[in-house]
Amino acid sequence: MLMAIFAEKRGYHPIVVYEDDSSRYPAILGGLPGLPLNHFFDYVGFPLEDPRFFRAISPSLLFFGESWRLLGVPELRSGFSELERDRWMPGFVSLQEILLPEIFGVLKKEFALSATSRNFFQKWLSWWQYRRFDRKEESAAQKVLQRIPEVKIWNEFLRSLSPYLGLSSHEEAVPLLRALVSCLNGWLNIPEPEILHREVQKTALKVLKHSVREWDGAPVVPEFDRKKRTVSISLNGKTEVFDRTIDLSGTLDRVLDLSSWAWTIPEDRLSNGWPLQFLIPDSLGEGTSGIFQGLSREGQIRFSAFLHTTDGKKTARTPRDLLDSLVLGEENIPEVPRLVPEPRQMIDYGGLPAGHSWRIRSSYQMTSGPIRRFLDPTRLPYLTEDWMRLLYRQLPLS
């Protein structure tokens, strides 16, 4: 619904088919002012700075690697000595002064282009412009890796974080470096799911009026007209033709190897200095790492945990295996996943014509003609700047 509100504000006439499920929203990792993620939530009327909808987390993350790292502290809290900064966040100054302008600079230029109205010729050339931005960004990342030796100190953290960003092996460097900067600076917001879900529904029903339809659970079968480059979709006995379809419901036919849990503990079980988000790597080589995210409300801390199982490992572990029961709350932690990470596919692509093929645009998107498929962000712990930039590419200002 948020995406449909965004499309409507950019000059499109969207029809949204949704499943009424508010069980989980991804955390927001990133969001510099003037860049896609932050601008998106401002644009649709639910700014990251509004505590009704999002809660900023500081410290942003505790990493339980061979060397513990408490990320997001020096930028937000005063009184830390240089020695303490280097202990918890080695290379912070170099990363801040070199990596930030290099990596985010290219993204800022791309976003400035996507935020302005363009004529037909400029839109036609957009494929070339986006490729140019991607190449510039890769070049900037390589320069950063060469100029900042401290990045090597973070290799273990970056490898451990990668599965929770939903990245493929061929596309890791830039999103991982941007995620590192976001964590170091404490740019992390946890949604208030129930409040956000309710308010988004109210806004969507008001703004989109008769264009919001609840999914009945039956997969929709699209018909692809190659000549007209349109998609016909039949829903509830009515067939409509669209110039593009954006599917946010699936995993792009990928196995993410993530399982998830949810539970609550009394707030007084943890000290005020204990972070509510922590990442545990597979340091023992047992095939499972985990990321834990907590949200404090009304004397309770609601935890959710994503565990990543390495390929080839037959037995997935549980949060109880990774973290002490003093933190988890032994009486509350479930033995089996409470949330199933695999979504129900809303669109059935089995009926598309022979010879139909998909082009992989990134870890988060694949396309074929007027059909755009996105990795469902609610199946991941984070919604990132890199996911959002693809939405801007598919919905240029009309």
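The basis for the numbers below is simple: all heavy atoms, side chains too, and nothing from hydrogens, waters or symmetry mates.
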Closer than 3.5 angstrom, by distance alone: can the side chain of Ser362 be matched with the main-chain N or O of Tyr364 as a donor-acceptor pair? yes

Mutual orientation of the aromatic rings belonging to Phe374 and Trp387 [parallel < 30°, tilted 30-60°, perpendicular > 60°]: tilted

Output a table of donor-acceptor pairs, distance under 3.5 Å, between side-chain atoms of residues 149-159 and any protein atom two or more places apart or on a different chain; print 'none' if there are none.
{"residue": "Trp154", "atom": "NE1", "partner": "Pro90", "partner atom": "O", "Å": "3.1"}
{"residue": "Asn155", "atom": "ND2", "partner": "Lys152", "partner atom": "O", "Å": "3.4"}
{"residue": "Glu156", "atom": "OE1", "partner": "Glu66", "partner atom": "N", "Å": "3.3"}
{"residue": "Glu156", "atom": "OE2", "partner": "Glu66", "partner atom": "N", "Å": "3.4"}

Are the aromatic ring centres of Phe6 and Phe41 under 6.0 angstrom apart? no

With no hydrogens and no angle check, do the side chains of Tyr164 and Ser289 hold a donor and an acceptor under 3.5 Å apart? yes

Which residues pass the salt bridge (Lys or Arg N to Asp or Glu O under 4.0 Å) test with Asp134, sequence neighbours left out? Arg393

Using 30° and 60° as the class limits, which term best fits the ring planes of Phe111 and Tyr392: parallel, tilted or perpendicular? perpendicular

Hey, any chance Val221 and Ile233 share a hydrophobic cluster, counting ILVMFWY side chains that come within less than 4.5 Å of each other, even indirectly? no

Is the Phe53 to Phe46 ring centre distance short of 6.0 Å? yes

Before giving the answer on salt bridge (Lys or Arg N to Asp or Glu O under 4.0 Å), spell out for Glu194 and Arg297 the whole-Å C-alpha distance, their side-chain angles and the decisive distance to 0.1 Å. CA-CA 12 Å; Glu194 292 82 6; Arg297 183 194 292 169; 3.6 Å; yes

With no hydrogens and no angle check, just 3.5 Å: does a side-chain donor-acceptor pair link Arg361 and Thr367? yes

Sorted by chain and residue number, the salt bridge (Lys or Arg N to Asp or Glu O under 4.0 Å) partners of Glu385 (sequence neighbours excluded) come out as none

